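Just the heavy atoms: all of them, side chains too, but no hydrogens, waters or symmetry mates, feed the values below. Remember, it's a predicted structure, so these values are computed and weren't measured experimentally.
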Amino acid sequence: MDTLHLVDPELRPLLAVWPTMTVTADNLADMRARQLPLPEIDTSGSTLERLSVPGPAGAPAIELHIYTPVAAAAPLPCIYHIHGGGYIGGSAKSMEPVHRMMVADLGCAIVSVEYRLAPETVFPGAIEDCYAGLAWTFANAARLGIDTARIGVMGESAGGGLAAALALLARDRGDYALAFQHLIYPMLDDRTCVSPDPHPVTGEFIWHAHNNRFGWASLLGQEPGGEGVSPYAAAARADDLTGLPPTFISTGGLDLFLEEDIDYARRLMRAGVPTELHVYPGGFHGFDILPDTRIGGAARRDSRAALAHFLRPKD
């Protein structure tokens with residue numbers, strides 16, 4: 001596969017500073033140690049509190065990173081954020097530069113969960129960690145100054161997959177009503193790994209087919225694409241998408257997850273879920289890290305505009 005000519009020219013420098021890495025068990029520690037090319041942390045408009053809170057029953061405590069804007073009036077809307085990393089990497093801490101900017105710009109709180117990673121912890125460890133953090137957020141909303149009617153979930157890549165799965169789990173358990181789900185190139189479907197007709201021009205850069213198989217196998221504890229995979233592991237496996245919250249999905253035209261993301265959006269619309277879908281031509285996985293480019297900037301603006309809409313006071 002040679003798709004460099006399809007990459008938006010303004011995005012090509014990102015491939016030099018954040019080169020594609022083929023992940024294996026032998027170099028997983030190296031993958032986890034990589035730093036995203038994010039801006040410097042600006043602490044002027046936000047505060048950060050790190051708390052250890054109870055995890056799922058019988059499991060370790062989880063860490064939550066709680067960001068609030070300076071001098072904002074409570075009650076605040078809240079984004080419950082789940083970081084990406086293919087289910088095998090990433091951290092809540094790594095997103096601090098982005099989260100501080102978001103709370104200052106949007107006037108909201110962000111609660112970011114540090115969930116257990118695969119392959120050390122297989123399904124359902126990560127999603128139950130995310131659910132425990134969400135439950136704690138709702139239970140402690142008054143102390144945090146958060147409006148429980150305006151709590152939604154957000155994530156990128158595997159974080160987007162977990163956010164979608166968490167929306168399903170919250171709907172099915174019936175304990176918490178989410179205001180929205182905001183999914184950025186979400187990793188939704190393990191069956192992409194075994195597709196008999198893979199997309200001919202997606203997935204060359206950043207997160208490719210080998211990494212996808214490794215990530216899914218690590219999460220599931222078995223080879224992806226088989227029978228009996230839970231929708232709380234791979235949200236695209238859900239048969240029924242009715243009753244889910246209003247949804248935003250964005251992805252790049254060269255992202256490996258392009259077709260699974262489009263199909264999930266299509267199914268949400270058919271289920272009567274208000275859904276906004278964006279596909280950015282020439283964008284590979286993670287392209288929106290460069291907001292000072294035409295499509296990176298468009299993706300960032302569209303995402304923030306949708307969040308501002310979701311977070312507004314309810315009538």
Side-chain angles (χ1 to χ4, degrees), residues 79-87 123 126-127 130 152-172 178-199 201-203 206-207 209 211-213 215-216 219-220 224-281 283-288 299 302-303 306-307 309-310:
I79 299 168
Y80 185 79
H81 185 269
I82 307 173
H83 70 77
Y87 302 116
F123 174 80
I127 188 63
C130 294
V153 293
M154 176 181 180
E156 303 83 21
S157 191
L162 283 165
L166 185 58
L168 288 165
L169 192 56
R171 178 199 67 179
D172 295 345
L178 295 173
F180 61 88
Q181 58 176 343
H182 194 87
L183 314 177
I184 309 297
Y185 32 78
M187 184 174 176
L188 297 167
D189 198 342
D190 66 300
R191 294 167 297 187
T192 296
C193 299
V194 295
S195 171
D197 183 27
H199 196 291
V201 298
T202 63
I206 308 300
W207 190 255
N211 291 352
N212 204 42
R213 180 180 287 272
W216 278 114
L219 177 73
L220 299 174
E227 297 296 322
V229 173
S230 170
Y232 309 135
R237 295 281 197 147
D239 293 326
D240 179 12
L241 301 185
T242 59
L244 288 170
T247 302
F248 176 92
I249 298 177
S250 71
T251 192
L254 302 178
D255 195 306
L256 182 67
F257 304 146
L258 171 67
E259 291 190 317
E260 65 190 69
D261 292 349
I262 291 173
D263 188 59
Y264 200 65
R266 179 190 62 81
R267 292 181 57 218
L268 285 164
M269 293 176 200
R270 289 182 66 88
V273 176
T275 302
E276 180 176 346
L277 171 66
H278 295 264
V279 177
Y280 300 95
F284 48 80
H285 197 66
F287 74 93
D288 57 334
D302 291 339
S303 174
L307 285 170
H309 175 73
F310 287 146

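Here the closest heavy-atom approach between residue H182 and residue A306 is recorded as CE1-CB, 3.8 Å. For the residue pair V273 and T275, the shortest heavy atom distance occurs at O-OG1, 2.8 Å. Here the closest non-hydrogen pair linking G161 and L188 is CA-CD2, 4.1 Å. The two atoms that bring D302 and Y280 nearest to each other are OD2-OH, 2.7 Å, heavy atoms only. Shortest non-hydrogen contact noted between D240 and R171 is O-NH1, 2.8 Å. Of all heavy-atom pairs between M187 and Y87, the closest is O-OH, 2.9 Å.
The salt bridge (Lys or Arg N to Asp or Glu O under 4.0 Å) pairs that include a residue from residues 262-280 are D263-R266, where partners are two or more places apart or lie in different chains.
At least one side-chain heavy atom of L166 sits under 4.5 Å from a side-chain heavy atom of Y80. Residues F257 and N212 meet the side-chain proximity criterion, which asks for heavy atoms closer than 4.5 Å. Taking 4.5 Å as the limit, every side-chain heavy atom of S303 sits out of range of all side-chain heavy atoms of D288.
A distance-only check finds no donor-acceptor pair linking the side chain of S157 to the backbone of G159 [under 3.5 Å].
For T247, the side-chain hydrogen bond (donor to acceptor under 3.5 Å, both in side chains) test picks out Q181, with sequence neighbours left out.
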